[in-house]
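Down below is the structure, laid out as structure tokens.
When a residue number appears, it is its place in the shown sequence, counting from 1. As the structure is a prediction and not an experimental result, all values here were calculated from the model.
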Amino acid sequence: MPEHHDHDHGHGHGHGVSADADRRYLGGALALIVGFMAVEVVIGVIAQSLALISDAGHMLTDAMAIVLALIAMRIAARPPRGGFTYGLKRAEIISAQVNGITLLLLAVYFTYEGIHRLISPPQVEGLYVVITGLAGIAINLVATWLLSKANRSSLNVEGAFQHILNDLYAFIATTLAGLIVWLTGWGRADAIAALIVAALMLKAGWGLVRDAGRVFMEAAPAEVNPAEVGRQIAALNNVVEVHDLHIWEVTSGYAALSAHILVTPGADCHAARLAVEELLRDSHGITHTTLQVDHAIPDSPQQLTQHCADPHGPTHHARRPDEMTVSDNHAGH
């Protein structure tokens, strides 16, 4: 019997990127950060406070993070052209990665300085630290509020937000340390506050680097299980087999999927594609899909090898619900 092939490609477009984030919020936060940073550097030097100087250094990276986020948002909004068929949306992921690495580097530096000052604590002017810290808390509360109103589903905006949020934590720790130094004269409290801030930077930085790295490595979104998606597609009416299933993120909040689906001979390939698209949209929020739908070859136990010369990933076969499994016998390289 001759082979019968129906090729159908369905494309949905759900681009959940940070184009909706209001640039005015980021711009307002940037103005607050830059203005206060200059004041903090001067007072930190006068007071000889590592905690204040570390806060100022962190605020510099905050300003850089916001500027980078604004630039990345503008670049990512450019339409696809030439060889960049998805546009430049991953500029936002580069921005998030840079922000995460910056936080990690700052954490290492302030850990080193904090340990050094624990061993040889300098004379710290506690009153200056308290006053500046209280002002910093107020400034960062406003800046954090502004960024929280932007679209934080984007890793790009989230990177800038984490910088500001960690700076708020830093000012709280700095103020408490300054109060201890002012009331008791125990200078090591300043170094301990810097170490606490470094730990918070490490946590936030690692989270950003990890999440951005998943996008760069084209991993499926963290909340999506590809094996479960394959099983659900294979369980649909008239579907015989699913293979070459790929799920990845173009940028944060923008998932894409492609798959090769075999349906029973004589079944309506278009109806099968629509059923798969409905499943992906309603159950997993995936609306950008490329689906190739073919008729299965009758009485052939080797559907995959006859349809694909170089198959990739596990194969999902139609089974009764209690028998559905994933076969790795045809996993590609």
Run H316 and I233 through side chain to side chain contact (heavy atoms under 4.5 Å, CB included) and show every step you take. CA-CA 8 Å; H316 306 267; I233 295 175; over 6 Å; no
When clusters are formed by joining ILVMFWY residues with side-chain heavy atoms under 4.5 Å apart, either directly or through shared neighbours, do [X] and [Y] land in the same one?
| X | Y | value |
| --- | --- | --- |
| L134 | L183 | yes |
| I75 | M64 | yes |
| Y25 | M73 | yes |
| I71 | V157 | yes |
| M37 | I172 | yes |

Heavy-atom distance under 4.5 Å between the side chains of [X] and [Y], does that happen here?
| X | Y | answer |
| --- | --- | --- |
| F171 | D167 | yes |
| I164 | I66 | yes |
| L257 | V229 | yes |
| V276 | V242 | no |
| W186 | I192 | yes |
| D294 | V263 | no |
| Y254 | E92 | no |

Counting distance only, does the side-chain N/O of [X] pair as donor-acceptor with the main-chain N or O of [Y] below 3.5 Å?
| X | Y | result |
| --- | --- | --- |
| R273 | I261 | no |
| R78 | G87 | no |
| H284 | L279 | no |
| R90 | T251 | no |

Work out which heavy atom in [X] is nearest to a heavy atom in [Y]; give both atom names and the distance.
| X | Y | value |
| --- | --- | --- |
| K89 | Y86 | CG-O, 3.5 Å |
| S252 | I93 | N-CD1, 3.6 Å |
| A189 | A177 | O-CB, 3.4 Å |
| P221 | E249 | CG-CG, 3.5 Å |
| A173 | V197 | CB-CG2, 4.2 Å |
| A160 | A69 | CB-CB, 4.3 Å |

Taking everything shown except [X] itself, do over 12 heavy atoms lie less than 6.0 Å from its [atom1]?
| X | atom1 | answer |
| --- | --- | --- |
| F216 | CZ | yes |
| R74 | CZ | no |
| W182 | CH2 | no |
| Y112 | OH | no |

Should T287 and L280 be marked as a side chain to side chain contact (heavy atoms under 4.5 Å, CB included) after you check the CA-CA gap, both sets of side-chain angles, and the distance that decides it? CA-CA 7 Å; T287 57; L280 296 173; over 6 Å; no
Nearest 0.5 Å please: distance from the [atom1] atom of [X] over to the [atom2] atom of [Y].
| X | Y | atom1 | atom2 | value |
| --- | --- | --- | --- | --- |
| N156 | L68 | CG | CG | 7.0 Å |
| T111 | L106 | OG1 | CG | 10.0 Å |
| I43 | T132 | CD1 | OG1 | 3.5 Å |
| I131 | T175 | CD1 | OG1 | 11.0 Å |
| T174 | I196 | OG1 | CD1 | 9.5 Å |
| H163 | L147 | NE2 | CG | 11.5 Å |

Suppose clustering is done on Ile, Leu, Val, Met, Phe, Trp and Tyr with side-chain heavy atoms closer than 4.5 Å. Which residues sit in the same group as M217?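 Same cluster as M217: nobody, lone residue.
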Walk me through whether V108 and L104 qualify under side chain to side chain contact (heavy atoms under 4.5 Å, CB included). CA-CA 6 Å; V108 171; L104 293 178; 5.8 Å; no
Let me see the working for L118 and L195 under side chain to side chain contact (heavy atoms under 4.5 Å, CB included), right down to the final yes or no. CA-CA 10 Å; L118 275 177; L195 290 173; 3.5 Å; yes
Not counting sequence neighbours, which residues clear ring-ring contact (aromatic ring centres under 6.0 Å, His included) with Y169? List them please. none
Check the orientation of H243 and H260. Use parallel for under 30°, tilted for 30 to 60°, and perpendicular for over 60°. perpendicular
